[in-house]
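Here's the structure we're looking at; comments come further down.
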Amino acid sequence: MQHIINSALRRKCSLFSKPAIYFIMGTANVKGKEPLVLLEQALLGGISLFQLREKGPFALKGDALRRFALECKKLCNTHRVPFIVNDDVELACMIGADGVHVGQEDLDCASVRSRIGEGKIIGVSVHSMEEAKIAVKEGADYLGVGPVYETQSKHDAKAPAGVNRIMEISQLFSEIPVVGIGGITPDNARAVWKAGAAGVAVISALAEAKDIAMQINKFKASSERRR
Ligand code: TZP
Ligand code: MG
């Protein structure tokens, strides 16, 4: 048992060793394609993490959600990419996801940790230094900071904060990876990397890309120009 926990922890530490391209998707974000086909293309294209974020009036629920989540997990496992579930700790535990991402309105990080265990990944969305301090104290593995730019993908998103908050938070918590989110594209990602982000979390610029592999390469190239 201990060696399983140790290897999970080791894997967790290496998550952000390279600039991370973090793909977030739910069935509502995909147009004119099968969501699982899109996910596989993203995995083949070289995303670093995947988060299932199933939202909206037509969101899958119950058994259908469980089945879809399991398919996503299977694909992520095949490509050795961590599979994170948004909000739903129960679902994450039930299907053995690699982690959970929570916002300020969801279960607090300490409670999530007690339910999913040390070896799993917890990401927390924060919008202020105060929220960041609490998340770090409660054991978050990474922080999501945003919206950086204007976004169409979250109906209740706060006003765009630009990259300054990423800079402040990543400077104060240099040991915790900070991931920028909200309206990030290959064209504006450079400022996010420059502000100190360890990753970019992206819905539409990947889900709606004509050629997702090429788009992932553009995101990677944007991180290489970060200095
Ligand atoms: N949290 C803050 S902005 C956002 C979330 C989930 C949506 C990001 O989507 P997009 O399409 O990359 O702007
Ligand atoms: Mg949430």
Side-chain angles (χ1 to χ4, degrees), residues 19-31 33 35 38-39 42 45 47-56 59-61 65 69 84-92 97 99-113 115-116 121-128 131-132 134-135 138 140-166 169 177-193 195 197 199-210 212 215-216 218-219 222-223:
I21 315 297
Y22 187 168
F23 182 37
I24 301 177
M25 183 203 81
T27 52
N29 305 119
V30 190
K31 287 153 197 122
K33 251 186 207 176
L38 180 72
L39 174 56
I47 55 167
S48 325
L49 294 108
F50 173 69
Q51 181 189 128
L52 173 60
R53 182 174 179 276
E54 185 64 4
K55 298 273 189 191
L60 298 174
K61 292 195 173 28
L65 175 59
I84 312 289
V85 171
N86 183 275
D87 291 356
D88 195 336
V89 184
E90 203 176 310
L91 174 67
V100 174
H101 185 96
V102 284
Q104 294 298 315
E105 304 76 24
D106 304 314
L107 198 60
D108 63 280
C109 181
S111 308
V112 178
R113 177 64 73 208
R115 287 175 62 175
I116 68 170
I121 303 158
I122 302 180
V124 181
S125 292
V126 300
H127 312 95
S128 66
E131 289 174 359
I134 294 169
E138 292 187 348
D141 294 300
Y142 72 87
L143 303 175
V145 178
V148 182
Y149 306 115
E150 204 70 60
T151 178
Q152 304 300 317
S153 307
K154 183 173 163 67
H155 71 91
D156 57 350
K158 295 192 185 313
V163 296
N164 285 350
R165 198 163 291 146
I166 293 178
I169 293 176
V178 168
V179 172
I181 184 163
I184 303 178
T185 68
D187 292 334
N188 63 25
R190 190 168 175 222
V192 181
W193 299 117
V200 289
V202 178
I203 300 179
S204 52
L206 288 176
E208 294 170 20
K210 278 208 180 79
I212 192 166
Q215 190 79 325
I216 291 165
K218 287 187 188 167
F219 272 114
S222 74
S223 77

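Atoms within a ligand are numbered from 1 in the order they appear, just like the ligands themselves. What you see is a predicted model; the values in this text were computed from it and never measured. Numbers for residues simply follow the sequence, beginning at 1.
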Is the shortest side-chain heavy-atom distance between Lys154 and Ile181 below 4.5 Å? no
Measure the distance from atom 1 (N) of ligand 1 to every protein heavy atom, then report the residue, atom name and distance (to 0.1 Å) of the closest one. Lys154 CD, 3.3 Å
Going by heavy atoms in the side chains, are Glu208 and Ile203 under 4.5 Å from each other? no
Is it true that some N/O/S atom of Glu105, main chain or side chain, lies under 2.8 Å from the Mg ion (ligand 2)? no
Got a sec: does the NZ of Lys158 have more than 12 other heavy atoms crowding it under 6.0 Å? no
If you scan protein heavy atoms around atom 12 (O) of ligand 1, the nearest is Ile203 N, 2.9 Å
Evaluate Gln152 for polar contact with ligand 1, using N/O atom pairs at a separation under 3.5 Å. no
For Arg53, take its heavy atoms, then give the atoms of ligand 1 lying under 4.0 Å from any of them. 6 (C)
Considering non-hydrogen atoms of the protein only, which is the closest contact for atom 3 (S) of ligand 1, and what is the distance? Gly182 CA, 3.7 Å
Specify the protein heavy atom at minimum distance from atom 7 (C) of ligand 1: its residue, its atom name, and the distance to 0.1 Å. Thr151 OG1, 3.6 Å
Which bit of Ser204 is near ligand 1, meaning a heavy atom under 4.0 Å away: side chain, backbone, both or neither? both
Assess the residue pair Leu38 and Phe23 against the criterion (side chain to side chain contact (heavy atoms under 4.5 Å, CB included)); give the C-alpha distance rounded to whole Å, side-chain angles, the decisive distance to 0.1 Å, and a yes or no. CA-CA 11 Å; Leu38 180 72; Phe23 182 37; 3.8 Å; yes
Would you confirm whether Glu138, through its side chain, and Cys109, through its main-chain N or O, come within 3.5 Å as a donor-acceptor pair? yes
Residue list, side-chain hydrogen bond (donor to acceptor under 3.5 Å, both in side chains) with Lys55, at least two apart or on another chain: Asp87
Can you find an N or O of Gly146 that's nearer than 3.5 Å to an N or O of ligand 1? no
Measure from the Mg ion (ligand 2) to every N/O/S atom of Asp106 and report the name of the nearest one. OD2
Under 3.5 Å, is there a donor-acceptor pair between the side chain of Glu54 and the main chain of Thr27? yes
For the Mg ion (ligand 2), the nearest N/O/S atom on Asp87 is atom OD1
Short list, please: which atoms of ligand 1 are under 4.0 Å from a heavy atom of Gly183? 10 (P), 12 (O), 13 (O)
Any side-chain heavy atom of Val163 within less than 4.5 Å of one from Arg190? no
